[in-house]
2 protein chains.
Amino acid sequence: MYRIGELAKQFDVNTDTLRYYEKEGLLVPSSVASNGYRMYSSADAKTLGVILRAKAIGFSLSDIKTLLSIEVDKANKECLDVKLVVDDKLDQVNAKIDELQTFQRSLKRLSDACCGGHESAQDCTILQALESESFTILSECHHD
Amino acid sequence: MYRIGELAKQFDVNTDTLRYYEKEGLLVPSSVASNGYRMYSSADAKTLGVILRAKAIGFSLSDIKTLLSIEVDKANKECLDVKLVVDDKLDQVNAKIDELQTFQRSLKRLSDACCGGHESAQDCTILQALESESFTILSECHHD
DNA sequence: CTTGACCTTAGAGTTTACTCCAAGGTTTAT
DNA sequence: ATAAACCTTGGAGTAAACTCTAAGGTCAAG
């Protein structure tokens, strides 16, 4: 059994984070001592490990909650249930990457077009592009 | 001169958004009518265009504020000043893409390893991976 | 017996970019 | 005259995942 500070130190998180996870129903300490202190079992510690690993690969706390609820009722769940969560997140991540790559292309085009020297910004191609109403086309142009 | 609702309709934004941009110092209407109505000039409209285009390519409102402050003092600024903002944002976008691609690889590996069928989740490879302390290595493993 | 390190709760603050609401004033049309 | 469609202000609410503060209780060491 660990007190909150011990568990927090072990996993290098803030004690407030653990209280927050409890409030969110992700990690409820398996018992409470007579002095009111939260007491975490090694199963709790294992669960925290799962939470942090899931976070590290991009799951939101809400996703993780779903995953943990499947975990506790494994016997009555199917692989499909688990895979759906993962594939859903994968779709979100892919969509976000696509969006950022669109940003990236536009920014790179702006950057490459600009001399970046000590010349006056009066004629800066970047500012001109941002002022130009036809610039939006750039971010949607797919025939590079 | 446009009233706030006219400008909002023209650019398909909420009037509250325009008031918010004003509060943030991004777009201050060039005059206020005697009845207290905000009056936007066509220069203001052009600035709004710049703001929305900059937003569309991934700049935050704070970035845009910097860009606009350069814009109004173009004569005393250099191309370098502008390019630094763009390159800085490009670095941030690239970093975010890298992070998401790490997520993507981990998620894809999880997904691919799981049958996704109607089998019991008891032996699901995804759940096993999340429970395994050595799993973190996967997200950092570069020798595919 | 007091100091310091620990723990408790409830609640507020952070960030970003809005969005909504209430209560009221203005303008235009019928 | 009155309704509809505008506009004003100030302030609260939203999402996500914490982080911090205040005021106080607990515990071990010196």
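- Judged by distance alone, with hydrogens and angles left aside, the side-chain atoms of Lys65(A) form a donor-acceptor pair with the main-chain N or O of Glu24(A) at under 3.5 Å.
- The one candidate from Val28(B), Leu18(B), Leu48(B) that meets the side chain to side chain contact (heavy atoms under 4.5 Å, CB included) condition with Tyr40(B) is Leu18(B).
- Of the possible donor and acceptor atoms, one in the side chain of Asn94(B) sits under 3.5 Å from a partner among the backbone N and O of Leu90(B).
- With sequence neighbours excluded, the residues that form a side-chain hydrogen bond (donor to acceptor under 3.5 Å, both in side chains) with Glu22(A) are Arg38(A).
- Of the N and O atoms on the side chains of Asp63(B) and Ser60(B), at least one donor lies less than 3.5 Å from an acceptor on the other residue.
- Listed by first and then second residue, the side chain to side chain donor-acceptor pair (under 3.5 Å) pairs involving residues 113-124 of chain B are Glu78(A)-His118(B) (not counting sequence neighbours).
- From the 5' end on, the contacts that DNA chain C makes with chain B at under 4.0 Å to a non-hydrogen atom open and close at dA17(C) to dT27(C).
- Under the 4.5 Å side-chain heavy-atom criterion for grouping Ile, Leu, Val, Met, Phe, Trp and Tyr, Met1(A) is not connected to Val32(A) through any hydrophobic cluster.
- With hydrogens and angles ignored, the 3.5 Å screen pairs no side-chain donor or acceptor of Lys83(A) with any backbone N or O of Leu110(B).
- Grouping the Ile, Leu, Val, Met, Phe, Trp and Tyr side chains by contacts below 4.5 angstrom, directly or via other members, places Val85(A) with Ile57(A).
- Scanning residues 9-31 of chain B for heavy-atom distances under 4.0 Å to DNA chain C yields Asn14(B), Asp16(B), Thr17(B), Tyr20(B), Tyr21(B).
- In this structure a side-chain-to-backbone donor-acceptor pair under 3.5 Å is missing from Arg19(A) to Ile4(A).
- Electrostatic pairing of Lys74(B) and Glu131(A) counts as a salt bridge here, judged by a charged N lying under 4.0 Å from a carboxylate O.
- Comparing the start and finish of the helix from dC1(C)-dG30(D) to dT30(C)-dA1(D), five pairs each, the helix axis swings through 30°, to the nearest 10 degrees.
- The structure places OG1 of Thr66(B) at 11.5 Å from CG of Leu84(B), a figure rounded to the nearest 0.5 Å.
- The footprint of chain B on DNA chain D, defined by a heavy-atom cutoff below 4.0 Å, extends from dC6(D) to dT9(D).
- The residue among Leu61(B) and Tyr37(B) whose nearest nucleotide of DNA chain C lies closer to the 5′ end is Leu61(B).
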